[in-house]
Amino acid sequence: MKGLKPSLLALCVAGAPPAAMAEIQSLDEAAMGNITGQAGVTIELETKVNIDRFIYTDEGSLEVNDIFVGGGNRNDYFSELGFNLTGQAPTDRIDNLRINIDIANDGDAIINILPMAFGAVDFTVATGAWNLVGTGGSTTILDNFKMDALIGSGTIRVDTATDKLNFKSSFAIDDMDFDVPFLAIGVRDFQLTGADYDLSAPQPLDLFAEVNMDIYKAPNAAGVDSLAVDLQSFTADIRIGGVLVGGTSIGSIAMDNLAITNTAMRIYGH
């Protein structure tokens, strides 16, 4: 038998004693909310990405070649601290990454990004040549880009009261190198840390720079709806081990307590 026919089911309900029927009550939305899952969703992620070529075309094109996003396959980030910051064996994958997704009672969507185990999440971004291509020829504006970095944590929150996406993250760049061929300039050993990180007395809690930004819809100067990006705060120390001009180093650069605040952008087509 596949199931009760509707008429038979109706007779069974009608024949139920009043005392039994008294125990059957409809649930309102609040009560339904109390019996649904309350814990949210967790995603444990392990991945690496390779893209042979990314092309953006307007009239001419920008080509980015040989894109890699994955793990750094190393465990000596910020070696002056004296221990493995990731707490994991080195791989070429982004791993040790947990994403928690929750919907708050006010409707806000909250996405927390954090390590699965104690430590930071390491990642590497590398590319080949960035070429501008058009009827006039081709120019390589960037090449040999590679960045090894760490993420301490991150939070994305979509606020239903303000219709804004707020993004917060703590991160540090251990090493970044790249060349700008059309200007004969190169950058070696670029490092970014928190503004209070002291190389002579390094502390892991001071390592990460903090960024806080809002992303939303807002009118531009002409009153047209645009993508709005407001950088609420960003503070960091920056060190560049070598600046190359014509293939020869002209020295190093350091910026102490760089602070960028109250910065607003409106992005739109033209």
Side-chain angles (χ1 to χ4, degrees), residues 33-51 67-127 146-176 191-197 202-216 229 231-236:
N34 289 331
I35 64 172
T36 57
Q38 301 293 309
V41 176
T42 294
I43 300 170
E44 295 182 359
L45 180 64
E46 182 176 309
T47 186
K48 68 176 179 179
V49 178
N50 291 91
I51 303 172
I67 302 169
F68 170 80
V69 180
N73 204 20
R74 46 179 290 212
N75 58 12
D76 58 346
Y77 295 91
F78 298 97
S79 57
E80 66 272 9
L81 287 168
F83 61 92
N84 178 6
L85 279 166
T86 67
Q88 305 292 312
T91 74
D92 63 351
R93 302 179 303 277
I94 296 175
D95 51 15
N96 189 34
L97 182 62
R98 176 186 290 125
I99 303 170
N100 290 335
I101 304 172
D102 293 285
I103 306 298
N105 59 9
D106 60 358
D108 289 1
I110 305 167
I111 302 172
N112 279 321
I113 303 166
L114 64 162
M116 286 189 290
F118 180 78
V121 177
D122 69 291
F123 71 98
T124 290
V125 178
T127 73
K146 185 181 180 187
M147 177 179 69
D148 291 343
L150 299 172
I151 297 175
S153 64
T155 299
I156 299 170
R157 184 175 193 129
V158 180
D159 192 321
T160 56
T162 62
D163 289 338
K164 290 183 177 182
L165 184 155
N166 178 256
F167 174 75
K168 297 179 181 178
S169 181
S170 57
F171 71 101
I173 299 174
D174 180 63
D175 183 48
M176 183 167 67
Q191 193 175 77
L192 182 148
T193 62
D196 295 326
Y197 187 67
Q203 295 292 329
L205 294 180
D206 296 330
L207 176 63
F208 296 97
E210 306 284 341
V211 62
N212 182 359
M213 66 175 66
D214 290 324
I215 304 171
Y216 57 102
V229 181
L231 181 61
Q232 303 295 342
S233 62
F234 174 70
T235 57

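The structure displayed is predicted, hence computed values, not measured ones. Computation of the quantities below employed the complete heavy-atom set of this structure, encompassing side-chain atoms and omitting hydrogens, waters and symmetry-equivalent molecules.
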Q: Give a yes or no on whether the backbone of Asp175 and the side-chain of Gln191 come within a donor-acceptor separation of less than 3.5 Å.
A: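 It does not hold such a pair.
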Any chance you could measure [X], atom [atom1], to [Y], atom [atom2], to the nearest 0.5 Å?
| X | Y | atom1 | atom2 | value |
| --- | --- | --- | --- | --- |
| Asp76 | Thr86 | CG | OG1 | 10.0 Å |
| Asp214 | Asn166 | CG | CG | 5.0 Å |
| Tyr77 | Ile173 | OH | CD1 | 12.0 Å |
| Phe171 | Ile151 | CZ | CD1 | 9.0 Å |
| Leu85 | Asn75 | CG | CG | 10.0 Å |
| Asp122 | Asp92 | CG | CG | 10.5 Å |

**Q.** Worked check of side-chain contact (heavy atoms from CB on, under 4.5 Å) between Ile94 and Lys48
**A.** CA-CA 6 Å; Ile94 296 175; Lys48 68 176 179 179; over 6 Å; no
Return all side-chain donor-acceptor pairs below 3.5 angstrom for residues 108-117, not counting sequence neighbours, or 'none' if the list is empty.
unit_1 : atom_1 : unit_2 : atom_2 : d
Asp108 : OD1    : Thr160 : N      : 2.9
Asp108 : OD1    : Thr160 : OG1    : 3.1
Asp108 : OD2    : Arg157 : NE     : 3.2
Asp108 : OD2    : Arg157 : NH2    : 3.3
Asn112 : OD1    : Thr155 : OG1    : 2.8

Q. Going by heavy atoms in the side chains, are Ile101 and Ile43 under 4.5 Å from each other?
A.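 A side-chain contact under 4.5 Å exists here.
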(Q) For Asp148, give me all partners under salt bridge (charged side-chain N to carboxylate O under 4.0 Å, His left out), at least two apart in sequence or on another chain. (A) Arg74
Q. More than 12 non-hydrogen atoms from neighbouring residues, nucleotides or ligands closer than 6.0 Å to NZ on Lys168, yes or no?
A. no
Q.
Can you tell me which residue among Leu45, Asp95, Leu97 is in a side chain to side chain contact (heavy atoms under 4.5 Å, CB included) with Val121?
A. Leu97
Q. What are the two closest heavy atoms between Ala209 and Thr193, and how far apart are they?
A.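 So the minimum-distance heavy-atom pair works out to CB-O, 3.8 Å.
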Q | Considering all heavy atoms, the nearest Phe208-Ala120 contact | A |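 Taking every non-hydrogen atom into account, CZ-CB, 3.9 Å.
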Q.
The criterion is side chain to side chain contact (heavy atoms under 4.5 Å, CB included); which residues satisfy it with Phe167, sequence neighbours excluded?
A. Ile156, Leu165, Ser169, Val211, Met213
Q. In terms of the angle between their ring planes, are Phe78 and Tyr197 parallel, tilted or perpendicular, with boundaries placed at 30° and 60°?
A.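 The arrangement is perpendicular - the two ring planes meet at more than 60°.
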